[in-house]
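Computed from a prediction, not measured in an experiment: that's the story for all the values here.
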Amino acid sequence: MQSVMVDGVRLGYERAGSGPAVVLVGGTGMPPVAWQLCGLRDALVQAGFEVVTYAARGVAPSDAPAAPYTVDDLTADLAGLIETLDLTDAIVVGYSLGSFTTELLARTRPDLVRAAVLMAGAGPLTGVLDAVLAAETELIATTGRLSPAFTRLQTLLSTLPPAVLRTDDAQVRTWLELLGAQEAVWTSTDGENGQSAASDRWLRDEYRMAALAQITCRRLHARLTPRATHARGHRSRPPRPGSTDRRAWWLWASRSMTAS
């Protein structure tokens with residue numbers, strides 16, 4: 001794996017394929033190899049894209065500065081990586097914490113982003129999510145870190161569907177075995193605690209959903225062309241300005257861009 005220095009933080013990255021650039025931004029504690037294991041990286045390469053994967057600060061082999069981190073820090077790292085690698089007009093795909101980073105990059109550095117895809121992004125702060133974030137914060141304050149057992153449980157409950165958790169014990173135990181290696185992905189405890197703090201602060205930001213709706217409206221509406229709006233024989237209308245229904249925005253955007 002190659003590496004670059006971005007504002008004093010060394011970031012490990014890999015490049016594969018050739019063509020328009022796609023940058024894959026991983027979730028909490030997600031190593032670059034995960035994109036290969038799930039098949040997305042190779043599928044994009046076969047489709048004619050150059051794919052860049054990287055380890056965010058805190059994830060090995062990248063550096064882990066002292067915690068806490070913010071999504072602003074992670075976004076600055078991503079922007080610096082894109083600029084250093086001279087990736088022009090990049091498509092940026094973010095998962096979980098990576099979607100928070102991608103969202104902020106599109107909002108603050110639109111010159112670097114051709115298109116953004118947010119997977120498992122941040123929704124409203126529900127009571128359950130509030131309780132999980134509070135538990136994480138208290139554990140770190142009390143013990144200095146999130147215990148591996150807690151992290152495995154949290155990942156299980158937030159990843160597998162309720163029906164699987166109730167009835168498919170074999171799959172649950174397979175996941176537990178896989179998650180046993182999760183602790184090894186961190187460069188240090190600072191990396192784990194830092195990413196947890198970044199996620200907590202972002203999810204508690206009451207302005208983020210309104211900002212997402214505004215940036216989506218502003219950028220995607222500007223990209224519409226007459227051909228895109230009439231290609232399927234009907235007029236594609238965006239959701240009303242100020243709407244925070246993100247699914248409506250992305251459905252409208254995908255139809256418009258597919259038509260073009």
Side-chain angles (χ1 to χ4, degrees), residues 1-2 4 6 11-59 62 71-123 155 158-159 185 195 198-199 202-203 208-209 211-213 215-216 219-220 223 246-258 260:
M1 182 176 290
Q2 298 175 285
V4 295
V6 176
L11 300 175
Y13 72 93
E14 294 180 331
R15 305 176 81 157
S18 61
V22 178
V23 182
L24 302 180
V25 189
T28 302
M30 185 172 170
V33 70
W35 294 110
Q36 184 176 356
L37 294 176
C38 75
L40 181 58
R41 190 201 72 169
D42 292 344
L44 288 169
V45 169
Q46 292 171 9
F49 293 95
E50 178 187 17
V51 181
V52 176
T53 57
Y54 75 104
R57 64 167 64 197
V59 175
S62 295
V71 173
D72 298 77
D73 295 330
L74 299 171
T75 301
D77 292 345
L78 175 56
L81 176 69
I82 290 174
E83 290 180 318
T84 301
L85 298 183
D86 196 26
L87 303 176
T88 58
D89 214 23
I91 300 167
V92 185
V93 180
Y95 171 74
S96 191
L97 177 59
S99 77
F100 310 167
T101 305
T102 301
E103 179 183 329
L104 188 59
L105 182 72
R107 188 194 311 169
T108 58
R109 292 296 309 273
D111 56 304
L112 299 179
V113 183
R114 174 184 175 187
V117 178
L118 311 182
M119 301 190 296
T155 303
S158 62
T159 303
V185 305
Q195 288 202 3
S199 179
W202 183 260
L203 289 166
R208 60 183 167 78
M209 292 190 69
L212 173 60
I215 189 65
T216 305
R219 297 203 65 216
L220 294 181
R223 287 173 182 244
R246 292 182 297 163
R247 286 189 294 182
W249 280 114
W250 292 121
L251 179 60
W252 168 74
S254 63
R255 285 175 175 170
S256 300
M257 288 188 288
T258 301
S260 63

Would you be so kind as to tabulate the donor-acceptor pairs closer than 3.5 Å made by side chains of residues 22-40, with sequence neighbours excluded?
none

Table please: side-chain donor-acceptor pairs of residues 73-80 below 3.5 Å, with sequence neighbours left out.
{"residue": "D73", "atom": "OD2", "partner": "T70", "partner atom": "N", "Å": "3.0"}
{"residue": "D73", "atom": "OD2", "partner": "T70", "partner atom": "OG1", "Å": "3.2"}
{"residue": "T75", "atom": "OG1", "partner": "V71", "partner atom": "O", "Å": "2.7"}
{"residue": "D77", "atom": "OD1", "partner": "R57", "partner atom": "NH2", "Å": "3.0"}
{"residue": "D77", "atom": "OD2", "partner": "R57", "partner atom": "NE", "Å": "2.6"}
{"residue": "D77", "atom": "OD2", "partner": "R57", "partner atom": "NH2", "Å": "3.3"}

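The closest side-chain heavy-atom distance from Y54 to V4 is not below 4.5 Å. Looking at L104 and D72, their side chains come closer than 4.5 Å, going by heavy atoms from C-beta outward. Residues L105 and I82 meet the side-chain proximity criterion, which asks for heavy atoms closer than 4.5 Å.
With sequence neighbours left out, R41 forms a side chain to side chain donor-acceptor pair (under 3.5 Å) with no residue at all. Residues meeting the side chain to side chain donor-acceptor pair (under 3.5 Å) test with E50, sequence neighbours left out: R15. The side chain to side chain donor-acceptor pair (under 3.5 Å) test applied to R109 returns E83, D111, not counting sequence neighbours.
Annotation for A55 and S62: closest pair O-OG, 2.6 Å, computed over non-hydrogen atoms. Closest non-hydrogen pair, F100 versus S199, comes out as CE1-OG, 3.7 Å. Among all heavy-atom pairs drawn from V45 and A16, the shortest one is CG2-O, 3.7 Å. Summarising the geometry of A120 relative to S99, their closest heavy-atom pair is O-OG, 3.9 Å, with the distance given to 0.1 Å. In terms of heavy-atom proximity, L118 sits nearest to E103 at CD2-N, 3.9 Å. For the pair G12 and M1, the tightest heavy-atom approach, listed with the atom from each and the gap, is C-SD, 3.6 Å.
Here the CG atom belonging to L87 is positioned 7.0 Å from the CG atom belonging to L81, to the nearest 0.5 angstrom. For the atom pair L11 CG and Q2 CD, the distance stands at 13.0 Å (nearest 0.5 Å).
Residue pairs meeting the salt bridge (charged side-chain N to carboxylate O under 4.0 Å, His left out) criterion with at least one member in residues 25-38: none, sequence neighbours excluded.
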